[in-house]
Amino acid sequence: RALPTTETGSRRYGVTLSHRNAQDDSGGGVAATCEVVLNRRPAPSPAPLPGRLPPPPATYPDGSAMITGEGFAERLFHGPCFASIGAVGGWSETGIEVAVTAPSETGFLTPDLSGPRVINGPLLDNAGQILALQHKHATTRSFGLFPVLVERIAFFGPRPEAGTPLRVVTRQVAGESTMTGDLDYRDATGRVVMRVEGMKMMFIHWPRRFEASFFRGRAGGSLAEPLEAPEGVTIRLLRGFEGSFLTTSNRIWLRSLAWACLTAEERAAFHALPPRGPRQEEWLLGRIAVKEAGLDALPDPDAADLLELVVAQDEGGRPTLVLPGGARLPCSISHSNGTAAGAVAAPGWAIGLDIEPIGGPDDAIWHNVLAFDASERAALERFGARAVWCAKEAVAKAVGTGLMGAPTRFKALLRGDALCVAVASEEIPVSFPTVEGHHLALCHIPQSQAAGLAARLTGLAQQPERRGAAHADH
């Protein structure tokens with residue numbers, strides 16, 4: 001909306017920005033309000049903020065190497081067009097001096113946007129990055145910063161073209177939950193070409209393992225932990241993050257993790273899931289776990305990235321992991337109560353995995369006559385109902401049929417100290433990799449055996465009189 005002009009005749013407008021985001025639990029609304037002043041010509045460049053600052057420290061107090069501007073930019077999740085920060089020229093407890101190269105807007109703007117623009121979007125975005133970089137020189141703690149308010153942005157000349165070298169000097173102060181700062185963007189002559197005043201940032205403290213993996217890649221540490229497994233099998237376990245970390249701030253970290261780890265097709269499947277509730281998070285954590293297990297199966301795990309692996313289905317509907325180059329590995333995914341596990345096997349093998357938390361009453365499962373019958377009592381007494389149920393699920397996944405609505409076709413039997421599941425007159429061994437706080441059942445059999453079992457089970461399912469007799473026995 002138009003506002004009264006300024007005393008010098010500059011036009012003023014009030015602007016309200018609204019958003020509508022299917023992934024936002026609020027359903028959308030007002031995102032920001034601001035006032036825009038259009039001057040006929042740029043205002044005179046102001047006196048710059050104080051600087052030169054002392055050289056930055058070389059190490060943190062604990063002796064570890066201080067992060068560089070270039071290293072900080074490489075770890076950002078924003079994307080290549082936002083990585084414009086260069087060398088740190090000076091630092092103090094109240095400011096930082098950084099070399100910046102004006103970035104290109106290629107990849108930032110959608111193709112339908114055209115025409116002259118006063119503001120370089122990625123250049124403005126890195127104002128928050130620079131404030132965060134100053135604070136990163138003061139602490140080894142893991143944190144994030146998100147802008148919540150900008151008092152004023154002023155331009156004192158034409159927008160810097162892509163590739164233009166700039167020097168940015170800040171003046172800032174950090175509190176317990178927020179940081180506020182001013183930034184000068186100066187050209188090669190030292191003249192201020194853009195100033196950001198009163199930029200208020202909110203701290204978000206994220207788990208260290210999230211920062212290590214998400215910002216540094218696999219070399220910095222994986223999100224999922226490896227588990228001991230039989231030869232030819234790799235397993236990764238991904239424990240959920242504390243509290244509601246992934247779903248805070250309009251699920252930005254959940255969506256960012258999806259962007260970093262899923263292909264475009266997988267992201268479309270992810271966004272098609274209901275944003276409310278745990279479904280998206282568990283689905284994503286399961287894909288990450290099985291992809292990290294897939295990387296472990298490669299001759300050189302560092303030669304590929306999660307984005308190069310795709311979770312697909314084979315012709316029988318079983319999950320399969322597609323590797324760079326098109327090779328496929330059998331895989332299995334399971335998740336429960338915020339924890340996910342993924343397993344990968346060698347070609348020619350079938351694999352099934354299931355996870356359930358330890359604790360909580362087994363009674364409801366134990367006394368379910370549709371889940372177990374009398375022949376399974378010894379296995380139930382030795383392993384417990386939840387673990388036995390996991391074993392049935394793991395075998396059903398490996399066979400490729402699922403439980404088919406008739407769990408007692410998969411009978412848990414105690415063989416010494418081990419557990420087997422009898423299926424169509426064959427006994428299938430099940431192992432339990434050690435996982436603190438969870439039952440994890442693993443079934444690993446030749447693909448030819450799984451195919452034969454699936455065919456026999458399908459035949460049994462097509463015999464209603466046999467199915468009725470089986471249920472009568474329960």
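Numbers here simply count residues along the sequence, with the first being 1.
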Colleague: Could you go through E427 and R415, starting from their C-alpha distance and side-chain angles, then the distance that decides it, and tell me whether this counts as salt bridge (Lys or Arg N to Asp or Glu O under 4.0 Å)?
Modeller: CA-CA 10 Å; E427 294 187 4; R415 294 293 181 255; 2.7 Å; yes

Colleague: Look at the side chain of W91 and the backbone N and O of Q134, then say whether any donor-acceptor pair between them is shorter than 3.5 Å.
Modeller: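 Here the side-chain-to-backbone pair exists.
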
Colleague: Take atom CG of D300 as the centre, draw a 6.0 Å sphere, and report whether it contains more than 12 heavy atoms from other residues, nucleotides or ligands.
Modeller: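 Enclosed: over 12 neighbouring heavy atoms sit under 6.0 Å from CG of D300.
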
Colleague: For the pair E282 (side chain) and R279 (backbone), establish whether a donor and an acceptor sit closer than 3.5 Å, ignoring hydrogens and angles.
Modeller: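 Looks like no, no N/O pair under 3.5 Å.
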
Colleague: Would you call D314-R328 a salt bridge at under 4.0 Å N-O?
Modeller: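 No, this pair does not count.
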
Colleague: Kindly determine whether E266 and H271 satisfy side-chain contact (heavy atoms from CB on, under 4.5 Å), including the steps that lead there.
Modeller: CA-CA 9 Å; E266 290 173 321; H271 287 299; over 6 Å; no

Colleague: Decide side-chain contact (heavy atoms from CB on, under 4.5 Å) for T408 and F372; before the verdict, give the C-alpha distance in whole Å, the side-chain angles of both, and the deciding distance to 0.1 Å.
Modeller: CA-CA 6 Å; T408 52; F372 309 110; 5.5 Å; no

Colleague: Which pair of heavy atoms, one from A371 and one from E376, lies closest together, and at what distance?
Modeller: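 Closest approach of A371 to E376, heavy atoms only: O-OE1, 3.9 Å.
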
Colleague: Say whether, by atom type as modelled, one donor and one acceptor occur between the side chain of Q172 and the main chain of L131 under 3.5 angstrom.
Modeller: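 Here the side-chain-to-backbone pair exists.
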
Colleague: Return yes if some donor-acceptor pair links the side-chain N/O of S334 with the main-chain N/O of I355 below 3.5 Å, else return no.
Modeller: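 Yes, S334 side chain to I355 backbone: donor-acceptor pair under 3.5 Å.
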
Colleague: So, applying side chain to side chain contact (heavy atoms under 4.5 Å, CB included) with N126, which one of L133, N120, V100 is it?
Modeller: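 Answer after filtering L133, N120, V100: V100.
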
Colleague: Could you walk me through whether F383 and F432 pass the ring-ring contact (aromatic ring centres under 6.0 Å, His included) check?
Modeller: CA-CA 10 Å; F383 286 92; F432 291 92; 5.4 Å; yes

Colleague: Taking L353's backbone N and O only, do any of them form a donor-acceptor pair with S332's side chain (distance below 3.5 Å, no angle check)?
Modeller: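 Side chain of S332 to backbone of L353, a donor-acceptor pair under 3.5 Å: yes, one is there.
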
Colleague: Short question: side chain of K291, backbone of L309 - any donor-acceptor pair under 3.5 Å?
Modeller: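 Answer holds: yes.
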
Colleague: As a quick check of understanding, evaluate side-chain contact (heavy atoms from CB on, under 4.5 Å) for Q129 and I85, giving each step before the final call.
Modeller: CA-CA 8 Å; Q129 300 173 26; I85 295 177; 3.6 Å; yes

Colleague: Just do the salt bridge (Lys or Arg N to Asp or Glu O under 4.0 Å) check on R251 and E281 with the steps written out, would you?
Modeller: CA-CA 10 Å; R251 298 174 176 261; E281 182 173 346; 5.9 Å; no

Colleague: Under a 3.5 Å cutoff, is there a donor and acceptor pairing between the side chains of E426 and Q449?
Modeller: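 Q449 and E426 do have a side-chain donor-acceptor pair below 3.5 Å.
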
Colleague: Would you say the side-chain atoms of Q280 pair up with the backbone N or O of F270, donor to acceptor, closer than 3.5 Å?
Modeller: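 Between the backbone of F270 and the side chain of Q280 there is a qualifying donor-acceptor contact (under 3.5 Å).
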
Colleague: Within the distance-only criterion (no hydrogens, no angle test), does the side chain of T320 pair as donor or acceptor with the backbone N or O of L329 below 3.5 angstrom?
Modeller: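 Indeed, once roles are kept as given, a pair shorter than 3.5 Å links the two residues.
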
Colleague: With no hydrogens and no angle check, is any side-chain donor or acceptor of T458 less than 3.5 Å from a backbone partner on A454?
Modeller: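 Yes, because the side chain of T458 sits within donor-acceptor range (under 3.5 Å) of the backbone of A454.
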
Colleague: Check the pair L403, K392 against side-chain contact (heavy atoms from CB on, under 4.5 Å), reporting the backbone distance first and the verdict last.
Modeller: CA-CA 8 Å; L403 291 173; K392 291 190 176 202; 4.2 Å; yes

